[in-house]
Amino acid sequence: MKWLELLTVGAATLVSAAVVVTLYSLGVRLTAIAGDADQPSPGTKRSLAYACFGLCGLAVLFGLYLIIPYFSK
């Protein structure tokens, strides 16, 4: 068994999962902050939240692209 390749896949999985979870939670947090009435610029925070959600979705789509063999041809 090729242990280095197994560790590489495990590390890539751990890092990508952490990135997706962080982006999603940051988007949720920014959405909650933008919903507060006392915030001076809720539009900017809401735009950043949507950008985080978009990057999270792109990361998921890229992972699907790597997993599904039909797209790799």
Side-chain angles (χ1 to χ4, degrees):
M1 180 175 242
K2 300 178 182 179
W3 291 102
L4 184 59
E5 292 175 2
L6 179 65
L7 289 175
T8 303
V9 170
T13 302
L14 185 64
V15 168
S16 61
V19 166
V20 168
V21 168
T22 302
L23 282 172
Y24 187 78
S25 62
L26 185 61
V28 169
R29 176 70 178 145
L30 286 171
T31 303
I33 291 173
D36 190 12
D38 297 333
Q39 288 297 316
S41 60
T44 304
K45 291 176 181 65
R46 190 163 311 214
S47 299
L48 287 173
Y50 292 153
C52 287
F53 290 139
L55 287 173
C56 181
L58 285 176
V60 169
L61 289 176
F62 183 67
L64 288 174
Y65 170 77
L66 292 176
I67 291 172
I68 300 172
Y70 177 76
F71 298 128
S72 302
K73 290 182 180 179

Val9: which other cluster members, linking ILVMFWY side chains closer than 4.5 Å, directly or transitively?
none
Could you list who else is in Leu48's hydrophobic cluster, with ILVMFWY side chains joined at under 4.5 Å, directly or through other members?
Leu26, Leu30
Can you tell me which residue pairs pass the ring pair (Phe, Tyr, Trp, His ring centres under 6.0 Å) test with a partner in residues 35-69, sequence neighbours excluded?
Tyr24-Phe53
When clusters are formed by joining ILVMFWY residues with side-chain heavy atoms under 4.5 Å apart, either directly or through shared neighbours, do Tyr70 and Leu66 land in the same one?
yes
Looking at every heavy atom in both [X] and [Y], which two are closest together, and how far apart are they?
| X | Y | result |
| --- | --- | --- |
| Cys56 | Val20 | SG-CG1, 3.6 Å |
| Ala34 | Lys45 | CB-CB, 4.1 Å |
| Ala49 | Gly27 | CB-O, 3.4 Å |

Go through the structure and list residues passing side chain to side chain contact (heavy atoms under 4.5 Å, CB included) with Asp36, not counting sequence neighbours.
Asp38, Gln39
